[in-house]
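Notes for the one structure printed next.
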Amino acid sequence: MREQHDDAPARGRLAPSPTGRLHLGNAWAFLLAWLWARSHADGRVVLRMEDIDPERSRPDHAEAIMADLRWLGLDWDEGPDMGGPHGPYVQSLRLGRYADALETLSAQGRVYPCFCTRKELRELAGAPHARLADDGSPAYPGLCRNLSPEQREELLRQGRRPCLRLRCDALALSFADAVAGPRRMTLEECGGDFALRRSDGVFAYQLAVVLDDAAMGVTQVARGDDILASTPRQLFLQRLLGLPSPRYAHLPLVLDHQGERLAKRHQSLALAELRGRGVAPGAIVGYLAWRAGLLPAPRPCPPAELAPGFSPEALPPGPVVLPEDIGSVLLALG
Ligand code: GLU
């Protein structure tokens, strides 16, 4: 694995998907990613809009997300609104780069068409002895790995549209996560051969994110620990494509008072909603900073005050469970 040089200027990124409005869980992850970058004297922050999925992404969400981030007090040095030397900073404008990398991997004999439908894979996963990935989702059982050219042609003739999968090695990848500690996982545990392009032609997150992080000189990635099992896949792609690996910090998730992950239905926890109730951005930042162990008690605080000395290694373990009346708690903070 090529490691980034320790003395390279730190470059972090905020990589929202414009599929909805930001909620407190997003604010937590973006605040910590921002603090990690800004804790370095000449640390830079890149904003990248991950609108790779055209069905789920909307330009008005992208605009609203940038407004929410600015409202919180998080800024960036390069991004869709201001440009920069590594743009464009919008995934839908980078498709040619993803296609080129897919070609490179194809030329290595690494890519194969997979005709399995989701339904077929679900049924197989329900079968006894189905292989499960680390996160409990079904691992791809390799059905289309060794189809003959004739079999492929026949399936194409039947009108089946394949996704493209990466042929993975039976390999364990190690990385030192700044929050989760040293990790070693096999690609099999992470779900086996994974998709690089969906059957509808949309490039997969794994491919896009690896290429963009490298092209944008990102040296450190902080994101929710629900993505931990993607990291060995991304390390493997970096290895195949000769790209450097950033440092990773997989952050504890924010949960509602019932222990549920925050989602769109948690409308009351959307930043826009809280702002509408009169909650101040400093109250959100200060509350989250307290939960991150950065303040001894919650109080309104701008992000920049928290940056000196910040280190993800020092974050308390485990998820952050919000109280039921979090809106009132934030309002009371002033
Ligand atoms: N756009 C992804 C998300 O919103 C970010 C994933 C990543 O940080 O690698 O979940």
Side-chain angles (χ1 to χ4, degrees), residues 10-37 45-59 61-66 68-69 72 74 76 78-80 88-95 98 135 137 173 175 177-180 183 190-191 194-196 198 202-238 243-255 261-264 266 269-271 312:
R11 289 173 63 84
R13 42 72 154 187
L14 312 177
S17 300
T19 56
R21 299 298 300 264
L22 297 189
H23 51 58
L24 282 175
N26 305 123
W28 162 261
F30 290 137
L31 172 64
L32 297 178
W34 186 93
L35 288 175
W36 196 17
V45 177
V46 175
L47 177 69
R48 179 172 72 233
M49 216 32 90
E50 300 214 318
D51 63 346
I52 191 82
D53 186 341
E55 271 166 36
R56 299 180 60 226
S57 302
R58 283 181 20 195
H61 287 319
E63 287 301 322
I65 286 171
M66 289 197 280
D68 283 347
L69 289 171
L72 271 182
L74 304 182
W76 47 94
E78 300 166 31
Y89 295 91
V90 178
Q91 287 190 326
S92 58
L93 301 178
R94 303 180 64 84
L95 303 183
Y98 310 146
D135 62 358
S137 66
L173 288 131
F175 59 105
D177 193 276
V179 177
R183 287 294 164 132
C190 300
F194 56 92
L196 298 172
R198 294 191 329 212
V202 172
F203 290 103
Y205 154 72
Q206 309 289 358
L207 182 67
V209 87
V210 159
L211 293 168
D212 291 347
D213 282 340
M216 295 172 187
V218 168
T219 62
Q220 53 181 55
V221 169
R223 57 190 179 193
D225 69 9
D226 52 333
I227 304 186
L228 189 78
S230 283
T231 301
R233 298 169 167 196
Q234 294 176 15
L235 295 172
F236 187 55
L237 276 175
Q238 286 153 5
L243 302 173
S245 299
R247 288 197 69 204
Y248 291 97
H250 287 92
L251 308 165
L253 293 184
V254 174
L255 307 177
R261 279 181 54 176
L262 301 196
K264 285 207 192 78
H266 290 91
L269 302 181
L271 299 188

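Counting starts at 1 for both ligands and their atoms, following the listed order.
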Could you pull out the closest heavy-atom pair between [X] and [Y], with the gap in Å?
| X | Y | result |
| --- | --- | --- |
| L253 | R261 | CD1-CD, 3.8 Å |
| I52 | S57 | N-OG, 4.3 Å |
| I227 | Y205 | CG2-OH, 3.4 Å |
| G25 | L262 | N-CD1, 3.4 Å |

Q) Is it true that R13 lies under 4.0 Å from ligand 1, counting heavy atoms only? A)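 Distance cut 4.0 Å: R13 passes for ligand 1.
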Return the residue, atom name and 0.1 Å-rounded distance of the protein heavy atom closest to [atom].
| atom | result |
| --- | --- |
| atom 4 (O) of ligand 1 | S17 OG, 3.2 Å |
| atom 1 (N) of ligand 1 | E50 OE1, 2.5 Å |
| atom 10 (O) of ligand 1 | I227 CD1, 4.1 Å |
| atom 9 (O) of ligand 1 | Y205 OH, 2.6 Å |

**Q.** Among Q238, Q220, R11, side chain to side chain contact (heavy atoms under 4.5 Å, CB included) partner for P246
**A.**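 Answer after filtering Q238, Q220, R11: Q238.
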**Q.** Short side-chain donor-acceptor distance under 3.5 Å, S17 and E50
**A.**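 The criterion, which ignores hydrogens and geometry beyond distance, is not satisfied for S17 and E50.
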(Q) For a quick check under 3.5 Å, do H61 and T19 share a side-chain donor-acceptor pair by atom type? (A)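 Side-chain D/A pair, H61 to T19: absent.
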Q | Proximal ligand 1 atoms for R223, defined as those under 4.0 Å from one of its heavy atoms | A |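 Every atom of ligand 1 under 4.0 Å from some heavy atom of R223: 7 (C), 8 (O), 9 (O).
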Q | Per-atom contacts of ligand 1 with V209, taking only distances under 4.0 Å to non-hydrogen atoms | A |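 The atoms of ligand 1 under 4.0 Å from a heavy atom of V209 are 9 (O).
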Q: Would you mind telling me if ligand 1 is within reach of the side chain of V221, the backbone, both or neither, using heavy atoms under 4.0 Å?
A: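 Near ligand 1, V221 shows nothing, with every heavy atom at 4.0 Å or more.
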Q) Is A15 in polar range of ligand 1, meaning some N or O pair under 3.5 Å apart? A)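 Among all N and O atoms of A15, at least one is under 3.5 Å from an N or O of ligand 1.
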